[in-house]
*Asks:* 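Structure below; questions to follow.
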Amino acid sequence: MTPDEFRRVGHEIVDLIADYRAHVSERPVMAPCGPGHVKSQLPSTPPVSPESFEAILRDLERVVLPGLTHWQHPRFFGYFPCNGSLSSVLGDYVSSGLGVLGLAWQSSPALTELEEVTTDWVRQMVGLSEQWQGVIQDTASTSTLVALLLARERTARYALDRGGLQTVDHPLVVYTSQHCHSSVDKAALLAGFGRDHVRHVPVDDGYAMRADALSRSIERDLDTGLQPCAVVLTTGTTATTALDPVAAVCDAVERYGVWVHVDAAMAGSAMVLPECRWMWEGVERTDSIVLNPHKWLGAAFDCSVFYVRDVQHLIRVMSTTPSYLQSAADGRVKNYRDWGIPLGRRFRALKLWFLIREQGVEQLQARLRRDLANAQWLAAEVSHTPGWRVLAPVPLQTVCVRHEPAGLEGDALDRHTLAWVDRINQSGQAYLTPAVLDGRWMARVSIGAEQTEREHVEHLWRLIQEAVKGS
């Protein structure tokens with residue numbers, strides 16, 4: 001493809017994306033197709049001869065778009081928001097178009113230094129002190145894995161420089177909430193702790209970790225010859241957006257010397273609002289934090305910012321310095337290859353830089369406040385309607401609801417819940433994701449798509465009330 005051909009087709013693709021965003025509300029939210037439908041419309045072997053972009057774009061419209069669940073739809077209330085604000089999309093487009101790679105500072109100086117600037121901007125935006133330094137990872141899953149590797153090596157006194165975990169005298173233990181994200185368990189397994197040495201600490205009535213239960217769990221492990229290593233707290237759990245008590249946990253574990261990591265993948269964006277920072281009170285006493293601007297804040301996926309206080313420890317654990325990557329500038333610059341798992345790095349900072357500059361902190365704050373207010377409106381409506389219940393506190397933008405008709409309980413209630421949620425999803429008018437809470441199914445209403453306004457939440461509430469009549 002020549003630059004002139006790229007210019008022509010590029011204009012068409014920008015128009016296509018702009019039209020898609022302008023009219024996404026007219027599409028069914030959930031993909032109306034079954035397993036194998038998209039695959040059946042595509043050839044099973046690659047093309048031998050070149051195909052025109054006209055043909056490619058026709059198949060994009062004909063096959064791919066109808067097979068999507070539309071995360072940018074104003075009535076998408078599933079999972080958590082994954083907003084690709086158009087300004088950030090353009091930053092991602094520029095990153096791919098420039099085609100540069102960050103192996104070391106010298107391989108693309110602007111790639112590194114813009115990442116320094118944007119991660120520090122985010123640090124300031126969420127109210128963290130200057131002792132924190134950040135790096136952009138792909139997802140919170142990777143960031144949590146890195147955090148547990150750092151915890152492991154601090155507790156094991158850099159066993160990686162010797163015989164690894166085989167040389168540790170006492171098995172190391174990780175503690176997390178019963179409501180932690182599945183990536184925490186996965187990271188603990190990949191970091192070598194083993195399933196037997198991951199503790200899921202009981203939660204309180206608001207589904208947040210109990211600091212007293214954590215202390216008791218640690219003491220039991222010490223009594224049996226195990227070594228406490230790390231605590232992973234969650235600010236904004238997946239099922240209910242519960243807030244583990246950061247300050248209370250730091251008080252409880254201070255004397256044990258464990259690493260404290262905060263998974264704020266979802267709620268980290270809320271810290272842009274000063275009135276929300278109580279949610280992670282005590283965070284300055286922790287060791288590492290992850291927040292995902294690619295969730296609620298609006299950066300195009302993937303963009304997860306990982307912060308640590310002890311950068312030298314991070315570099316010692318993660319560094320690789322082969323001769324072909326060394327340069328005279330190394331002692332005066334950051335080499336982000338030593339701040340995470342991959343050697344090569346995409347220019348992710350561009351999409352965050354574009355977003356923050358185009359929106360400004362004030363507009364980002366206004367959108368988050370809008371979503372918080374919409375969640376409170378819906379929670380109040382549900383609470384005041386007979387037969388309906390809000391099942392968990394609503395500190396953020398997710399409302400956990402259940403319809404509980406008189407005389408319906410147990411498995412029958414579960415079937416009722418799953419039936420009306422499925423009815424809504426199959427209708428294409430909205431999208432919800434159910435989850436299990438206290439052993440029973442409920443519906444999560446996660447508000448936060450960029451185009452979602454009060455009218456869309458009101459429409460959802462009417463739709464929900466109609467849907468239960470058919471269950």
*Asks:* Do we see a donor-acceptor contact under 3.5 Å between the side chains of E453 and H456?
*Replies:*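 Short answer, no.
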*Asks:* With sequence neighbours excluded, give me every salt bridge (Lys or Arg N to Asp or Glu O under 4.0 Å) pair touching residues 265-284.
*Replies:*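 Matches after skipping sequence neighbours: E275-R369.
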*Asks:* Between E12 and I17, is the side-chain contact (heavy atoms from CB on, under 4.5 Å) condition met? List the steps.
*Replies:* CA-CA 9 Å; E12 292 182 30; I17 296 297; over 6 Å; no
*Asks:* Tell me whether T144 contacts the main-chain N or O of A140 through its side chain, where contact means a donor paired with an acceptor under 3.5 Å.
*Replies:*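 The answer is yes, because a donor-acceptor pair under 3.5 Å joins these two groups.
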*Asks:* Give the C-alpha distance, both sets of side-chain angles, the deciding distance and a yes or no for side-chain contact (heavy atoms from CB on, under 4.5 Å) between F306 and W339.
*Replies:* CA-CA 9 Å; F306 178 61; W339 290 51; over 6 Å; no
*Asks:* Can a salt bridge be assigned to the pair R346 and D302 using a cut-off of 4.0 Å between side-chain N and carboxylate O?
*Replies:*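 A salt bridge is present here (some side-chain N lies under 4.0 Å from a carboxylate O).
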*Asks:* State whether E466 and K469 are salt-bridged, where the test is any N-O pair (Lys NZ or Arg NE/NH1/NH2 against Asp/Glu carboxylate O) under 4.0 Å.
*Replies:* yes
*Asks:* Does the R402 side chain pair with the main chain of M442, one donor and one acceptor, at a distance under 3.5 Å?
*Replies:* no
*Asks:* For the atom pair NE2 (H294) and OG1 (T139), what is the distance rounded to the nearest 0.5 Å?
*Replies:* 6.5 Å
*Asks:* Closest heavy-atom contact between C180 and T234?
*Replies:*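 Heavy atoms only, the tightest pair is CA-OG1, 4.0 Å.
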*Asks:* Does the side-chain contact (heavy atoms from CB on, under 4.5 Å) test come out yes or no for V445 and T398, once each step is laid out?
*Replies:* CA-CA 5 Å; V445 181; T398 297; over 6 Å; no
*Asks:* A quick test of your reading: do over 12 heavy atoms of other residues, nucleotides or ligands sit less than 6.0 Å from CD of E5?
*Replies:* yes
*Asks:* SG/C250 to CG/L233 distance, rounded to the nearest 0.5 angstrom?
*Replies:*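 If we round to the nearest 0.5 Å, C250:SG and L233:CG are 7.0 Å apart.
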*Asks:* Can you tell me how far apart CE (M209) and CG (L243) are? Round to the nearest 0.5 Å.
*Replies:*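 If we round to the nearest 0.5 Å, M209:CE and L243:CG are 12.5 Å apart.
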*Asks:* Would R58 and E54 count as a salt bridge (Lys or Arg N to Asp or Glu O under 4.0 Å) here? Give the steps.
*Replies:* CA-CA 6 Å; R58 278 199 304 272; E54 286 73 14; over 6 Å; no
*Asks:* So, the side chain of T176 versus the backbone of V232: is there a donor-acceptor pair under 3.5 Å, distance only?
*Replies:* yes
*Asks:* Just verifying a value: how many Å separate L391 CG and D438 CG, rounded to the nearest 0.5 Å?
*Replies:* 8.0 Å
*Asks:* Any side-chain donor paired with an acceptor under 3.5 Å for W296 and N83?
*Replies:*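 Their side chains do not contain a donor-acceptor pair, so the 3.5 Å distance test is not met.
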*Asks:* Any donor and acceptor pair, going by atom type alone, linking the side chain of S319 with main-chain N or O of I315 inside 3.5 Å?
*Replies:* yes
*Asks:* Checking S383 against W388: is there a side-chain donor and acceptor pair closer than 3.5 Å?
*Replies:*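 Note: W388 and S383 side chains miss the donor-acceptor criterion.
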*Asks:* Less than 6.0 angstrom from the centroid, inside 45 degrees of the normal: does R123 satisfy that with respect to the ring of W121?
*Replies:* no
*Asks:* Examine the side chains of S85 and S88 and answer whether a donor and an acceptor come within less than 3.5 Å of each other.
*Replies:*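 On atom types as modelled, these side chains do not qualify, holding no pair under 3.5 Å.
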*Asks:* Would you check if the side chain of S108 reaches a backbone N or O of A110 as a donor-acceptor pair within less than 3.5 Å?
*Replies:*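 Not a single qualifying donor-acceptor pair exists.
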*Asks:* Using every non-hydrogen atom in the two residues, find where R21 and G84 come nearest and quote the distance to one decimal.
*Replies:* NH2-O, 2.7 Å
*Asks:* Check for a donor-acceptor pair, side chain of N335 on one end and backbone N or O of W105 on the other, with a separation under 3.5 Å.
*Replies:*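 Yes, N335 side chain to W105 backbone: donor-acceptor pair under 3.5 Å.
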*Asks:* Are there more than 12 heavy atoms of other residues, nucleotides or ligands under 6.0 Å from atom CZ of R195?
*Replies:*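 Open: at most 12 neighbouring heavy atoms sit under 6.0 Å from CZ of R195.
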*Asks:* Where the side chain of Q72 meets the backbone of E450, is there a donor-acceptor pair that is under 3.5 Å apart?
*Replies:*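 Pair absent, no side-chain N/O of Q72 close to backbone of E450.
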*Asks:* For atom CD of E26, is the number of surrounding heavy atoms from other residues, nucleotides or ligands below 6.0 Å larger than 12?
*Replies:*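 Count over threshold, so yes.
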*Asks:* Any luck finding a side-chain donor-acceptor pair between Q41 and H37 under 3.5 Å?
*Replies:*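 Yes, a side-chain donor-acceptor pair sits under 3.5 Å.
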*Asks:* Could you state the interatomic distance from OG (S288) to CH2 (W132), rounded to the nearest 0.5 Å?
*Replies:*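 If I round to the nearest 0.5 Å, the distance is 6.5 Å.
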*Asks:* Hey, does the side chain of R337 reach the backbone of G344 with a donor-acceptor pair shorter than 3.5 angstrom?
*Replies:*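 Here the side-chain-to-backbone pair does not exist.
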*Asks:* Taking it one step at a time, do V122 and I356 satisfy side-chain contact (heavy atoms from CB on, under 4.5 Å)?
*Replies:* CA-CA 9 Å; V122 173; I356 296 172; 4.1 Å; yes
*Asks:* Is there a donor in the side chain of S177 and an acceptor in the side chain of H179, or the other way round, less than 3.5 Å apart?
*Replies:* no
*Asks:* Output yes when a side-chain donor or acceptor of N292 lies under 3.5 Å from a complementary backbone atom of K295, and no otherwise.
*Replies:*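 Side chain of N292 to backbone of K295, a donor-acceptor pair under 3.5 Å: no, none is there.
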*Asks:* Under a 3.5 Å threshold, yes or no: a donor from one side chain and an acceptor from the other, between Q359 and S87?
*Replies:* no
*Asks:* Considering only NZ, NE, NH1 and NH2 on the basic side and carboxylate oxygens on the acidic side, decide whether K334 and E113 come within less than 4.0 Å.
*Replies:* no
*Asks:* When you measure from the side chain of T452 to the backbone of I447, do you find a donor-acceptor pair of N or O atoms at a distance under 3.5 Å?
*Replies:*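 No, T452 side chain to I447 backbone: no donor-acceptor pair under 3.5 Å.
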*Asks:* What pairs of residues pass the salt bridge (Lys or Arg N to Asp or Glu O under 4.0 Å) test when at least one of them lies in residues 230-246, not counting sequence neighbours?
*Replies:*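 Counting only pairs at least two positions apart or across chains, no salt bridge (Lys or Arg N to Asp or Glu O under 4.0 Å) contact touches residues 230-246.
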*Asks:* Would R444 pass as a cation-pi partner of Y79, given that its NZ or CZ must be under 6.0 Å from the six-membered ring centre and within 45 degrees of the axis?
*Replies:* no
*Asks:* Does either side chain, that of H70 or that of Y20, offer a donor lying less than 3.5 Å from an acceptor on the other one?
*Replies:* yes
*Asks:* Please enumerate all residues that pass side-chain hydrogen bond (donor to acceptor under 3.5 Å, both in side chains) together with Q376, with sequence neighbours excluded.
*Replies:* none
